[in-house]
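Below: one structure in structure tokens.
All residue numbers in this chain count up from 1 along the given sequence. Predicted model, so just to flag it, every value in this text is computed and none were measured.
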Amino acid sequence: MSQRGQRMQGQPMIVMSDESQRVKDKDAQEHNITAARAVADAVRSTLGPKGMDKMLVDSMGDVTITNDGVTILQEMDIDNPTAEMIIEVAETQEDEAGDGTTTAVAVTGELLKNAEDLLEQDIHPTAIIKGFHLASEKAREEINNVSETVDPDDEDLLRKVAETSMTGKGAELNKERLSEIIVDAVQQVTVNGTVDLEYVKTETQTGRSSGESEILKGAVISKDPVHDNMPKSVSDASVLLLDEAVEIEETDVDTSVNIENPDQLQSFLDQEEQQLREKVDKIVETGADVVFCQKGIDDMAQHYLAKEGILAVRRVKKSDMGFLKEVLGASVVSDLNSASDDDLGHGDVSRDDDDELFYVEGEDSHGVTLLLRGSTDHVVDELERGVTDALDVVGQTVSDGRVVAGGGAIEVEVARRLRDYADSVSGREQLAVEAFADSLELVPRVLAENAGLDSIDTLVDLRAAHEEAEERAGLNVYSGDVVDTFDAGVVEPAHAKEQVASSATEAANLVLKIDDIISAGDLSTDKGGDEGGAGGMGGGMGGMGGMGGAM
């Protein structure tokens, strides 16, 4: 070998830039676990009926007050890559089950905490990952075994599911009334056992009590007629949905015109008026009694439409236009020249002057609108989040047909069964299965903590009840007693619990599998300016800046 080759062999080869960072082996695992647990700890205090709210203040100063897990995590200004992986757990839980986001994130954090204890005992991450996977599969199986079948027509049980979902959220104060309209809405959009929540729309109003919320068949449009002389209500109306401005068409290029006498000016004005008249005539030719326009309507066109006795509404939101299309069975017309009576929808349009709303009901529509009312914007926003979650949960329950007892009952029962199952697992994976069981019991422990109860005593009492075959024994957070939570009306969808076990396990295993972190710059996904207030979560971790408000 040459002398140059020998010199190269005796010194390290540098292949990374000076700005790059690298964290390896146990440091990498500790880094990732700390970041994930920080996210989980941020939302733990919101879990359960006695959970606390978070105030989130964004960079624009807008305030959000909520205890909805996925909302909190999405609003937090997080720039750590591992932390963002945990946020994906909440988003997946929201998409797949509609609720249980806080539980999913908290269990993920607890799995990683227990995994860290196993790593310190020199148990290889591969054994932990395999044990968690086995435990997850068994947990899903046991949840199915414990679950009870629900009849889609069992309104009483479905209302309990809705009430359980809303308990502890802004919708709790009038949850009996809200649960009724939620179940009614889901049943109206269920066809042959298939729930289509696309046909359920929510609208909000401030200044009234949430107990005055109501369900309306059809759509609600919060707009005014464009002209005072137009009719306010039209029965058996032919409705045109228009995505074209009823205004003077402007040229694509800037032009200037020299006018030498008043007659020329009048000629221009007459020509503009004629253009508008022709547009209105085309609307009249279709046979429309009502026009909902997504764009503007010129003042002159408003006058002509009023003379024709046509009710017109302008600047309708795109989402409302899409919903009106389904409610009325109409087509959205983007070119008036091609419009015909085939594009029209049919239904009743009525005006509520007190609430300044239009109610639109189609002839064959099964679309419904939930009109949610609250005293202030913050109250009604949180109410809408709670009702949306409850809608998803009830819809999931109707589709899936399985429910389980809440209040920590299902977690303690599944944990007990997992410990029995662990005896049949050989090798170090057995310890991971037992750690998984311990992680599930985080739920009743946090429920007790958030209610101001002793979490250890509570868990001991729950375990004792389940050892005596009381499968539905859970925590009554108001009295602190162990009760049959199913009979007490605390009922949750089995699918949501299965999704928690699945998504939490996959996220934890993904984190545990990483033993080397290589970053081109700082360990942050935000390469912008300031890094925000919370600093680094462990050395060089990039931070979870600007969590906002009181955590």
Side-chain angles (χ1 to χ4, degrees), residues 188 198-203 205 214-248 275-371:
Q188 288 203 40
E198 292 292 323
Y199 287 96
V200 179
K201 202 170 190 318
T202 57
E203 290 288 338
Q205 268 192 336
E214 57 185 315
I215 181 172
L216 303 162
K217 188 177 181 183
V220 173
I221 306 298
S222 180
K223 291 287 182 180
D224 296 318
V226 294
H227 199 284
D228 290 338
N229 293 333
M230 288 179 172
K232 297 291 183 68
S233 301
V234 183
S235 298
D236 193 22
S238 297
V239 184
L240 174 65
L241 304 181
L242 188 60
D243 184 18
E244 178 186 349
V246 188
E247 297 175 331
I248 299 298
Q275 276 188 26
L276 292 170
R277 180 74 235 189
E278 288 175 0
K279 285 179 178 287
V280 173
D281 287 343
K282 287 169 185 170
I283 292 173
V284 173
E285 287 172 13
T286 64
D289 304 315
V290 179
V291 177
F292 288 105
C293 183
Q294 190 174 330
K295 296 178 181 174
I297 300 177
D298 189 273
D299 291 348
M300 184 64 71
Q302 295 173 20
H303 168 71
Y304 287 139
L305 288 167
K307 285 184 66 176
E308 296 290 345
I310 295 174
L311 169 60
V313 179
R314 64 178 172 176
R315 307 292 183 195
V316 179
K317 291 186 294 186
K318 184 177 181 180
S319 59
D320 287 339
M321 292 290 283
F323 193 59
L324 284 170
K325 176 182 175 183
E326 302 295 340
V327 168
L328 296 166
S331 300
V332 178
V333 176
S334 56
D335 182 7
L336 261 177
N337 292 320
S338 63
S340 68
D341 58 352
D342 293 335
D343 297 315
L344 302 180
H346 302 281
D348 295 327
V349 180
S350 58
R351 175 75 175 169
D352 186 330
D353 287 323
D354 292 336
D355 291 333
E356 298 182 344
L357 299 171
F358 280 108
Y359 300 146
V360 183
E361 184 177 341
E363 292 179 351
D364 300 317
S365 166
H366 66 288
V368 295
T369 298
L370 297 182
L371 185 56

Here the pair of heavy atoms bringing A330 nearest to G345 is CB-N, 3.4 Å

One should read off an interatomic distance between E356 CD and Q205 CD, to the nearest 0.5 angstrom, of 9.0 Å

Rounded to the nearest 0.5 Å, the CG atom of L242 sits from the OG atom of S331 at a distance of 12.5 Å

Applied to residues 233-246, the salt bridge (charged side-chain N to carboxylate O under 4.0 Å, His left out) test, sequence neighbours excluded, yields D243-K295, E244-K279

G218 and V327 have their tightest heavy-atom pair at CA-CG1, 4.0 Å

For residues 214-234, the side chain to side chain donor-acceptor pair (under 3.5 Å) pairs (sequence neighbours left out) are E214-R373, D224-R351

Paired with V239, the side chain to side chain contact (heavy atoms under 4.5 Å, CB included) test is passed by just one of V349, L344, V360, namely V349

Anything under 3.5 Å between a donor and an acceptor, one on a side chain of residues 313-326, the other on a protein residue two or more places apart or in another chain? List them.
{"unit_1": "R314", "atom_1": "NH1", "unit_2": "I297", "atom_2": "O", "d": "3.3"}
{"unit_1": "D320", "atom_1": "OD1", "unit_2": "K201", "atom_2": "NZ", "d": "3.1"}
{"unit_1": "E326", "atom_1": "OE1", "unit_2": "Y199", "atom_2": "OH", "d": "3.4"}

Residues passing the side-chain contact (heavy atoms from CB on, under 4.5 Å) test with E198, sequence neighbours excluded, are D196

To the nearest 0.5 Å, atom OG of S334 lies from atom CG of L241 at 12.0 Å

Query raised in the report: Should K307 and V280 be marked as a side-chain contact (heavy atoms from CB on, under 4.5 Å) after you check the CA-CA gap, both sets of side-chain angles, and the distance that decides it?
Result: CA-CA 10 Å; K307 285 184 66 176; V280 173; over 6 Å; no

Sorted by chain and number, sequence neighbours left out, salt bridge (Lys or Arg N to Asp or Glu O under 4.0 Å) with D281 holds for R277

Shortest non-hydrogen pair, D298 vs E247, comes out as N-CG, 3.6 Å

Solution key, residues 286-294 side-chain donor-acceptor pairs under 3.5 Å, sequence neighbours excluded:
{"unit_1": "T286", "atom_1": "OG1", "unit_2": "I283", "atom_2": "O", "d": "2.5"}
{"unit_1": "T286", "atom_1": "OG1", "unit_2": "A288", "atom_2": "N", "d": "3.4"}
{"unit_1": "D289", "atom_1": "OD2", "unit_2": "S238", "atom_2": "N", "d": "3.1"}

